[in-house]
Amino acid sequence: MYGLIDCNNFYASCERVFNPLLARKPIVVLSNNDGCVIARSNEAKALGIPMGEPAFKLKEVIESHNVAVFSSNYTLYGDMSQRVMTIISSFVPDMEIYSIDEVFLKFEGYENIDLRELGLKIVRTTTKGTGIPLSLGIAPTKTLAKVASKFAKKYPDYKGVCIIDSEIKREKALQLFAIEDVWGIGRRYAKKLHYHSVNTAWDFTQKSKSWVRSLMGVVGERTWMELNGTPCFRLEVQGAKKSICTSRSFGEQLTEINPISEAVANFAASCGEKLRKQHSLAHSLMVFIHTNPYATNKSQYYNQILMQLPVPTNDSTELIKYAGQGLKKIFLPGFSYKKAGVIITEIVPERPVQTNLFDERNREKYNTAMKVMDSLNASYGNRKVRIATQGFGRKWKLKNEKLSPCYTTRLSDILVVNANEIPF
DNA sequence: TCTGGGGTCCTAGGACCC
DNA sequence: TCTGGGGTCCTAGGACCC
């Protein structure tokens, strides 16, 4: 059997843990730049605030219902996520962390254990230890476990744990489950399926396999098999990322290249950091910039450029250099830019080392510099040590006016470092 | 008049997820 | 005035190989 644990309204719940006055109050968390709603407490959902709604359209409802509004604080959410996952892993070792707020479990060798009892214990212990409410679904396939977790969340009588372990339960659950809520069925396929009078997950399973295959390809066929009880997706081991992207919308529109260069340098540096963290090197790097697509009355420009790196690297100074060269090639004056980003692909493991006959760079020296920089930044805070081109400007910085404190990771807590651990 | 068969790799775009 | 960020996989078509 597979399990799927989903943290309820995760970001909103994280904010609430450290602010008990928010209990039973409507909460929304906004995307970067305080753009649109990306998380809502149940109370906010009840007010009819939709997911993805731009914040400026919600001014009225926020004021009239006293909705608590937060900028997103990924430092806090990331740390809370780790705590949740750590507790869960003490119960079930076979787990796949699927996202910041979801984890798949595999119950293998649990044949003589009451999974409902175990599930309740996991949910209760984790919520008690972190303050985050959870829902757990258990079923023979990952897709069905997802379905079960939605029931666990929706109906309080389940006390957070719902199990689909018989044909009768599977049939009943799928008949009550809208096709567009199935894992793997997005907006496009849902529309196609509705057109063919497939409205519930059950309707979908009653279609023939070949019909599904011709409409949705092999991906849809797998979903069909999973809903019918045949597992197609295993627990996946977490590997290194195959692409890494850092991109942001700017707090204000930028017309000059200088602040954009600074932003792009920071994005490249951040990609380098992520690469080093997973012990990988990248062979290519892409830079993109674009204007504000919502400003339909202004002229639009979107461009990107792929840069091949001579030798796979995770050195921020090198990534910054190529990102900057790329930006110069695609930047055109006369536009108001809203967003830029750096995407890194062709990622390979750090070892074995690949060399280039004509490479003249002293890679050992730069690697040491990166190590020292990472370790200082880990101790003293992000970007405390940086490459000069990353700059100190604030022009491109995003808006986050409603940011909560990093309760669990703020510097006063982690500044207690052993001097011997600083490598110089 | 009549012109094969079997591959690989790359890219762009589309679909999905959180 | 104001609209997020970061991923994965699959497919079709083109270019190329022998």
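All values below were derived from every heavy atom in this structure, side-chain atoms included, with hydrogens, water molecules and symmetry-related copies excluded. Please read these numbers as outputs of a predicted model, since none were measured by experiment. Lettering of chains follows the sequences in order, A, B, ..., and the numbering in each one begins at 1.
- Place A/Tyr294 and A/Lys241 on DNA chain C by their nearest nucleotides, and A/Tyr294 ends up nearer the 5' end.
- For the C1' atoms, the distance linking C/dC17 with B/dG4 amounts to 15 Å, nearest Å.
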Which donor-acceptor pairs under 3.5 Å do the side chains of residues 174-186 of chain A make with protein atoms, sequence neighbours left out?
{"unit_1": "A/Glu180", "atom_1": "OE1", "unit_2": "A/His194", "atom_2": "NE2", "d": "3.0"}
{"unit_1": "A/Trp183", "atom_1": "NE1", "unit_2": "A/Tyr98", "atom_2": "OH", "d": "3.1"}

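- Counting any heavy atom pair closer than 4.0 Å across all strands shown, A/Lys399 reaches no nucleic acid atom.
- Applying the 6.0 Å contact sphere to CZ of A/Arg363 captures more than 12 heavy atoms from other residues, nucleotides or ligands.
- A donor-acceptor contact closer than 3.5 angstrom is absent between the side chains of A/Arg248 and A/Asn266.
- Residues A/Arg213 and A/Lys209 are not in side-chain contact: their nearest non-hydrogen atoms beyond the backbone lie 4.5 Å or more apart.
- A/Asp101 comes within contact range of the sugar-phosphate backbone alone, with a heavy-atom separation under 4.0 Å but no base atom that close.
- Separation of atoms CG (A/Leu193) and CE (A/Met216) is listed at 5.0 Å; rounding is to 0.5 Å.
- Here the CG atom belonging to A/Asn19 is positioned 13.0 Å from the SG atom belonging to A/Cys14, to the nearest 0.5 angstrom.
- Residue-level contact check: A/Val29 touches neither bases nor backbone, having no heavy atom under 4.0 Å from any strand.
- For the pair A/Asn42/A/Lys45, a side-chain contact is recorded, criterion being any heavy-atom separation below 4.5 Å from C-beta on.
- At a threshold of 4.0 angstrom between heavy atoms, the contacts of A/Ile100 with the nucleic acid are absent.
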- request: Dump the intermediate steps for ring-ring contact (aromatic ring centres under 6.0 Å, His included) on A/Tyr337 and A/Phe331, then the final yes or no.
  value: CA-CA 10 Å; A/Tyr337 292 95; A/Phe331 177 86; 5.2 Å; yes
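- With a heavy-atom cut-off of 4.0 Å to chain A, the contacted part of DNA chain C has its first and last nucleotide at C/dC2 to C/dT11.
- Within 4.0 Å of A/Asn32, counting heavy atoms only, lie sugar-phosphate atoms of the nucleic acid but no base atom.
- Counting non-hydrogen atoms under 4.0 angstrom, A/Gly186 reaches the backbone sugars and phosphates but no base.
- Backbone-only engagement by A/Lys339 is indicated by non-hydrogen atom pairs under 4.0 Å involving sugar-phosphate atoms exclusively.
- Across all strands shown, A/Glu102 has heavy atoms under 4.0 Å from sugar-phosphate atoms exclusively, and none from any base.
- Counted by atom type alone, A/Thr143 and A/Thr141 present zero donor-acceptor pairs between their side chains at under 3.5 Å.
- Both key distances under 3.5 Å define a Watson-Crick or G-U pair, and stretches of 3 or more such consecutive pairs in DNA chain C run B:5-18 with C:5-18.
- Residue contacts for A/Lys338: at a heavy-atom cut-off of 4.0 Å it reaches the sugar-phosphate backbone alone, with no base atom in range.
- Residue contacts for A/Ile244: at a heavy-atom cut-off of 4.0 Å it reaches the sugar-phosphate backbone alone, with no base atom in range.
- Residue contacts for A/Thr246: at a heavy-atom cut-off of 4.0 Å it reaches the sugar-phosphate backbone alone, with no base atom in range.
- Nearest-nucleotide positions on DNA chain C for A/Cys245 and A/Asn292 put A/Asn292 closer to the 5' end.
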